[in-house]
Peer 1: 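Starting off with a structure, shown below.
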2 protein chains.
Amino acid sequence: MAKVVKAEIDLSTEEKIKEAASKVFTKKGYGNARTRDIAEEAGINLALLNYYFRSKEKLFDIVMAERIQKLFGILTPILNDTATTLEEKFEKITENYINMLIEHPDLPIFVLSELRNDPERFADRLQAKTHLTQSVFVKQLQEKGTEIHPFHFLMNLLGMIIFPFVGKPVLQTVTGGEENYLALMEQRKKLIPEWLKMMLAKA
Amino acid sequence: MAKVVKAEIDLSTEEKIKEAASKVFTKKGYGNARTRDIAEEAGINLALLNYYFRSKEKLFDIVMAERIQKLFGILTPILNDTATTLEEKFEKITENYINMLIEHPDLPIFVLSELRNDPERFADRLQAKTHLTQSVFVKQLQEKGTEIHPFHFLMNLLGMIIFPFVGKPVLQTVTGGEENYLALMEQRKKLIPEWLKMMLAKA
DNA sequence: AAATTATTTAATCAAATGATTAAATAATTT
DNA sequence: AAATTATTTAATCATTTGATTAAATAATTT
């Protein structure tokens, strides 16, 4: 056997394919992506892709798991931090998300549009229900004694943070070039937490 | 020739195909949609689809034009109404959008994810730049003398309205069934305008 | 070094898929 | 009614596309 080197080379070639797949899938979506695109992007033979991952679908599953984690993994630790106040959570989530989304602007539209195609399929990956309903964040909101359902705050937060990236193709035609867009996103890092604090105060 | 009847029958069969295409494309996206799916949904022969529309792509172009209009057509008349205040515009946009999105929850994710695939292609359909920069809405905001860029308000409004529908597959696993989700959306009709008024007041 | 196992490639397959063609049917015009 | 035009269908094409196979090469073990 060639265990040791297998592991190393596997990781290297496997990783090359996985990253190419992530890039191509994220840019074009599952249906528009061709396994040949991925192979070319990875600089390998098409057969190798199937040798390592058996099928387009299996490769896609692996990519999706990682992309979902990348998109939603930010939330869980912050929402469950007992050491921070609600206000600090707003700030951290906004800051972390916008920084990440500036680097990966096409991540949300990819994940959300693939989830639409088959929500059941990735339901277990999400586990949003448990993560959120029992989160410190929700408890802190309930302690405030507000009439407003906790998820409204979450929708507002995520909506204000993520939507500008989901709608980037449209919105950027309005704001002008990439620089202007980035400048607006930078402003939103400070603005969004303030807006949420206002909502909290009035609630 | 068969002019008169051609026009009528064309409209009927053409419309059947167009509506089937709209349904299938919206649900699955261009890349995952099959012309055979559309033909079956329309209850017609596959060849008929090509007889009327020449190709999948041309049919898609027509569908996209209508879907873009459906998604963004709501905005223009309200944003340019000189008879309403900013506050009333918030209310009208929220009310109209949420009502429409309850009927067509998969519209935004479809349009936005297809726009991502080729933003240039539909740039002329959007014309967001002109429609917005010179809108009454923007002028009214500027009269308020706020430091905050007008587009922040638009992003917040659209983000809070549209995002819950874009993220429905994820968010609904948290909120529970369709009824709960609808109830939350109904609440947002009243809440979102209030939140925007607060942002305006503090700005 | 020989044998074994793992990796990679070129060639090819089979099914899916968008599109066309030729013929049949229906409608309209003359 | 005959001729013309429009609509619809069944059958078929050509290409694309995901996947496999058999052979070549490289690495590892014995």
Side-chain angles (χ1 to χ4, degrees), chain A residues 1-65 110 114 117-118 121, chain B residues 1-65 110 114 117-118 121:
Chain A
M1 275 195 289
K3 274 180 196 167
V4 180
V5 173
K6 180 199 170 185
E8 282 166 7
I9 289 184
D10 261 1
L11 260 174
S12 168
T13 308
E14 246 190 67
E15 210 55 37
K16 250 198 315 187
I17 299 174
K18 220 186 285 182
E19 276 174 30
S22 187
K23 186 170 173 181
V24 173
F25 279 137
T26 303
K27 185 174 172 199
K28 309 177 128 186
Y30 181 83
N32 295 303
R34 301 288 160 252
T35 50
R36 281 166 176 82
D37 300 342
I38 296 170
E40 192 183 7
E41 175 74 36
I44 52 106
N45 191 286
L46 171 60
L48 249 193
L49 184 150
N50 290 289
Y51 173 73
Y52 277 102
F53 296 95
R54 296 291 300 166
S55 73
K56 180 187 181 184
E57 219 176 326
K58 289 210 175 70
L59 175 54
F60 178 73
D61 277 340
I62 291 168
V63 168
M64 265 301 272
F110 166 69
E114 296 300 335
N117 292 334
D118 194 352
R121 187 170 167 193
Chain B
M1 273 195 290
K3 273 180 197 166
V4 180
V5 173
K6 178 199 171 185
E8 282 167 6
I9 289 185
D10 261 2
L11 260 173
S12 167
T13 309
E14 246 190 68
E15 209 55 38
K16 248 197 319 185
I17 299 173
K18 220 186 286 181
E19 274 175 33
S22 187
K23 185 169 172 182
V24 174
F25 279 138
T26 303
K27 185 175 172 199
K28 306 177 137 190
Y30 181 84
N32 294 305
R34 302 287 160 251
T35 51
R36 281 167 176 82
D37 300 341
I38 296 171
E40 193 184 5
E41 175 74 36
I44 52 108
N45 192 286
L46 171 60
L48 249 192
L49 184 151
N50 290 289
Y51 174 73
Y52 277 101
F53 296 96
R54 297 288 301 165
S55 73
K56 180 187 182 185
E57 218 176 327
K58 289 209 175 72
L59 176 55
F60 178 72
D61 277 339
I62 291 168
V63 168
M64 265 301 271
F110 166 69
E114 295 299 336
N117 291 334
D118 194 352
R121 187 170 168 194

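Just so it is clear: chains get the letters A, B, ... in the order the sequence lines come, proteins before strands, and each one is counted from 1.
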Peer 1: Check for me whether A:Lys56 meets the cation-pi criterion with A:Tyr30, that is, NZ or CZ under 6.0 Å from the six-membered ring centre and within 45 degrees of the ring axis.
Peer 2: yes
Peer 1: Reckon B:Asn45 has a side-chain N or O less than 4.0 Å from the OP1 or OP2 of D:dA10?
Peer 2: yes
Peer 1: For D:dA19, take OP1 and OP2 only and decide whether either is under 4.0 Å from a side-chain N or O of A:Tyr51.
Peer 2: no
Peer 1: Taking the side chain of A:Arg34 as its heavy atoms from C-beta onward, which of D:dT8, D:dT17, D:dT20 lies nearest to it?
Peer 2: D:dT17
Peer 1: What's the CZ-P distance between B:Phe53 and D:dT8, to the nearest Å?
Peer 2: 12 Å
Peer 1: Find which nucleotide of DNA chain D each of A:Ala33 and B:Leu48 is nearest to by heavy atoms, and output the residue with the more 5' nucleotide.
Peer 2: B:Leu48
Peer 1: Using Watson-Crick and G-U wobble pairs whose two distances are both under 3.5 Å, how do you write the pairing of DNA chain C as dot-bracket, with | for links to another strand?
Peer 2: ||||||||||||||||||||||||||||||
Peer 1: To the nearest 0.5 Å, tell me how far A:Leu48 CG sits from A:Ile17 CD1.
Peer 2: 5.5 Å
Peer 1: Does the ring center of A:Phe110 lie less than 6.0 Å from the ring center of A:Phe25?
Peer 2: no
Peer 1: Hey, does the side-chain of B:Arg36 have a donor or acceptor N/O within less than 3.5 Å of a partner on the base of C:dG18?
Peer 2: yes
Peer 1: Answer whether the closest heavy-atom distance between the side chains of B:Val24 and B:Lys28 falls below 4.5 Å.
Peer 2: yes
Peer 1: Would you say D:dT8 has OP1 or OP2 under 4.0 Å from some side-chain N or O of B:Thr13?
Peer 2: yes
Peer 1: To the nearest Å, give me how far apart CD1 (A:Ile44) and C1' (C:dT9) are.
Peer 2: 11 Å
Peer 1: To the nearest 0.5 Å, tell me how far A:Lys27 NZ sits from A:Asp37 CG.
Peer 2: 9.5 Å
Peer 1: Taking atom CZ as the centre, does B:Arg54 end up with more than 12 heavy-atom neighbours from other residues, nucleotides or ligands that are less than 6.0 angstrom away?
Peer 2: no
Peer 1: How many angstroms lie between atom CG of B:Leu46 and atom OG1 of B:Thr35, to the nearest 0.5 angstrom?
Peer 2: 4.5 Å
Peer 1: Side-chain N or O of B:Tyr52 less than 4.0 angstrom from OP1 or OP2 on D:dA6?
Peer 2: no
Peer 1: Indicate whether OP1 or OP2 belonging to C:dG18 is found under 4.0 Å from a side-chain N or O atom of B:Ser55.
Peer 2: no
Peer 1: Counting only side-chain heavy atoms from C-beta out, which of D:dG18, D:dT7, D:dT20 sits nearest to A:Lys56?
Peer 2: D:dG18
Peer 1: Can you find a side chain N or O atom of A:Thr35 that sits less than 4.0 Å from OP1 or OP2 on D:dT17?
Peer 2: no
Peer 1: Does B:Leu46 reach a base, just sugar-phosphate, or nothing at all? Heavy atoms under 4.0 Å.
Peer 2: base
Peer 1: Round to a whole Å and report the spacing from NZ of A:Lys58 to C1' of D:dG18.
Peer 2: 13 Å
